Every structure is written in C-alpha cells, then in structure tokens.
> 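My questions all concern the structure below.
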Amino acid sequence: MRKNVVAGNWKMNTTLEEGVGLAKDVNEALKHVDAKCDVVICVPFTHLASVNAVIDPAKLGLGAENCADHVKGAYTGEVSAPMVASTGATYVILGHSERRQYYGETSETLKEKVNLALASNLTPIFCIGEVLEQRENGTYFDVVKAQIEEALFDLSAEDFSKLILAYEPVWAIGTGKTATDDQAQEIHAFIRGVIAEKYGKEVADNTSILYGGSCKPSNAKALFAKPDVDGGLIGGAALEAESFMGIVTAF
Ligand code: 13P
C-alpha cells in the first residue's frame, strides 16, 4: 500500500558513537510527535546492530545504504543482504547515484541486489535520477525510464509492489539546489505512469515515490503537498535530529 515515508540517508557520516547518539535523538523525538509518515534511518553498515538496539522498531525503521550483489562467499569487503537483515534492519537503499557514479553500479548489478534484498525480506529504496546535462537537454524522462526498466521490470508485480522508489536528481544532491515542487511533481507523475504502463494502475497508485536532493524543513511541505510526492530521502538534513524531524513533521 502507498505510504508516506521520510527516510534519512546518513551516507559516510558519523562515528559509531555519534550515530548511536543521533539514532537515540530521533527515536526520542518521535515519542513526542504524531508522525503522519513512516520514518526510516539508513545508516552505515558498522552502525546497524548498535542502532537497532536503541530504537523502537514500531516508530522508526532501520536500513542499510547498500548491499552486495552476491549472497555470500569470497567477496572481501562486501556486506550481503542476509547480513544486513541479520542486524534487524528492514530497508536497504539501492542504486544511489553516488554508488552508480563512484562505484560503477549498473542496472545489471542492481537487478541482482534488488532480488537478493527482496529474498531477505528487505524493502529496497531504489534510487533513480538524471544528471544536470540530462536535465538541461531534456533527456531526463528517457534516462529515468531506462533506469527503472533495466533494473526493475523483470520483477513480478507482486515483488515490484514491495519497492519504494526515490527520485533523486543528481544536480540537486548536496548542492543546496532543489527541484521545485512542480519539477518534482512532473517527473514523479511520469514515473508513476511508467509503472502503470507495465504493472497497471493499481500497482502504480500503490507505489511510494520519494523525492531526494537538498530536501529541508523549509521546502519539504511544498514538495510533500504534491500529489505524486510521497515523502523524501534525506541526506544532509538527516544528520541532525532537529532538521530531520522538521521534515518528518512536514506531513
Ligand atoms: P542531500 O539531502 O544532502 O542533498 O542528499 C540527498 C540524497 O542523496 C539522499 O539519498
């Protein structure tokens, strides 16, 4: 079912002590608000088990920021979906533009990661989005459509329904430059249409599509007010409980 979701992506920030402290702060703050959305924090692998021990899973979901494209074995330095799930985490961000850009992730590897995440009962938060040049030359619709088709359209409708999508224009990530609420609505509606074409209107209507890219307390309300924007994937503003909660309470 379509849900509103605000998810933090901590990226490569916080030591273990800092991360556990931040998770405790968010968990505590959630006790005092009636959140109108699901709230999730996606944290570094090293923090997962410790963070899981200090949060109330009924109020705050926990996820990883990536997982391996293999289930186990001789892949030094990798962390598999079953390993993530064994920490108590139930979400995993996949296909973030920083993974695509700096670590060479392709639709082929992402397809495997999505399958393995689903097999471990993790909810993938699957990221798509264009770079500035593609925004400016107008190819962004094709780019985003291809990202979805290549990595996700081999899934059954049942499995596709387990995903959360996150539209993150690369030009808006960490730049302070946000897509306008109208720009976000335009592409979110397009994405929902692409899903509807393949899986039908019901599946499309039930898919949560989050916006990511310099989402802050000051712009979250306008973004979330758009009919096809179902929440946010938050980077920088998720690193302080106060600003993260300012986005959570925008719903
Ligand atoms: P910022 O919110 O820091 O722009 O990052 C967005 C993002 O990449 C979330 O995954």
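What you see is a predicted model, and the numbers here were worked out from it, not measured in a lab. Keep in mind that the numbers below use all heavy atoms, side chains included, and drop hydrogens, waters and symmetry copies. First listed ligand is number 1; within each ligand, the first listed atom is number 1.
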> Look at ligand 1 and say whether Ala237 reaches it with a heavy atom at a distance under 4.0 Å.
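No; Ala237 lies far enough from ligand 1 that no heavy-atom distance drops under 4.0 Å.
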> Measuring only between side-chain heavy atoms, which start at C-beta, is Ile209 closer than 4.5 Å to Asp228?
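No, side chains not in contact.
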> One residue to check: Ala172. Relative to ligand 1, which of side chain, backbone, both or neither has a non-hydrogen atom less than 4.0 Å away?
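The answer is the backbone of Ala172.
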> Backbone, side chain, both or neither: what part of Asn9 comes under 4.0 angstrom of ligand 1, heavy atoms only?
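The part of Asn9 near ligand 1 is the side chain, not the backbone.
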> Looking only at atom types and distance, does a side-chain atom of Thr249 sit under 3.5 Å from a main-chain N or O of Met245, one as donor and one as acceptor?
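Side chain of Thr249 to backbone of Met245: a pair is present.
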> Looking at Gly174, which atoms of ligand 1 are within less than 4.0 Å of one of its heavy atoms?
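Every atom of ligand 1 under 4.0 Å from some heavy atom of Gly174: 1 (P), 3 (O), 4 (O).
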> Mark up the atoms of ligand 1 that fall under 4.0 Å of a heavy atom belonging to His96, in ascending order.
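Close to His96: 7 (C), 8 (O), 9 (C), 10 (O).
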> Please confirm whether Lys216 comes under 4.0 Å of ligand 1, counting heavy atoms of the residue only.
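No, Lys216 has no heavy atom closer than 4.0 Å to ligand 1.
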> For atom 9 (C) of ligand 1, what is the nearest protein heavy atom, given as residue, atom name and distance?
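The closest heavy atom on the protein side is Glu168 OE2, 2.8 Å.
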> Near Gly213, which atoms of ligand 1 are under 4.0 Å from a heavy atom of that residue?
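Per the distance check, 4 (O), 6 (C).
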> For ligand 1, find out whether one of its N or O atoms is nearer than 3.5 Å to an N or O atom of Ser214.
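The answer is yes, given that Ser214 and ligand 1 share an N or O pair closer than 3.5 Å.
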> Under 3.5 Å, side chain of Thr87 to main-chain N/O of Val84, donor-acceptor pair present?
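A pair under 3.5 Å: yes.
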> How long is the straight-line distance from CG of Asp182 back to CD1 of Ile187, given to the nearest 0.5 Å?
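Interatomic distance, Ile187 CD1 to Asp182 CG, rounded to 0.5 Å: 13.5 Å.
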> For Glu136 and Trp171, test the side chains for any donor-to-acceptor distance below 3.5 angstrom and give the result as yes or no.
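The criterion, which ignores hydrogens and geometry beyond distance, is not satisfied for Trp171 and Glu136.
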> Which of parallel (below 30°), tilted (30 to 60°) and perpendicular (above 60°) describes Tyr167 and Tyr211?
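The rings of Tyr167 and Tyr211 sit tilted, inter-plane angle from 30° to 60°.
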> If the cut-off is 4.0 Å to any non-hydrogen atom of Gly235, which atoms of ligand 1 fall inside it?
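Answer, ordered by atom number: 1 (P), 2 (O), 3 (O), 5 (O), 6 (C), 9 (C).
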> I'd like to check which ligand 1 atoms, numbered from 1 as shown, lie under 4.0 Å from a non-hydrogen atom of Gly236.
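Listed by number with element, the hits are 1 (P), 2 (O), 3 (O).
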> For residues Asn66 and Leu94, determine if any side-chain heavy atom of one lies less than 4.5 Å from a side-chain heavy atom of the other.
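The answer is yes, as the side chains (C-beta and beyond) meet within the 4.5 Å cut-off.
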> Counting each atom of ligand 1 from 1 as listed, which ones have a heavy atom of Lys11 under 4.0 Å away?
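It comes down to these atoms of ligand 1: 5 (O), 6 (C), 7 (C), 8 (O).
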> Carefully, step by step, assess Asn219 and Thr178 under the rule side-chain hydrogen bond (donor to acceptor under 3.5 Å, both in side chains).
CA-CA 8 Å; Asn219 58 24; Thr178 321; 3.1 Å; yes
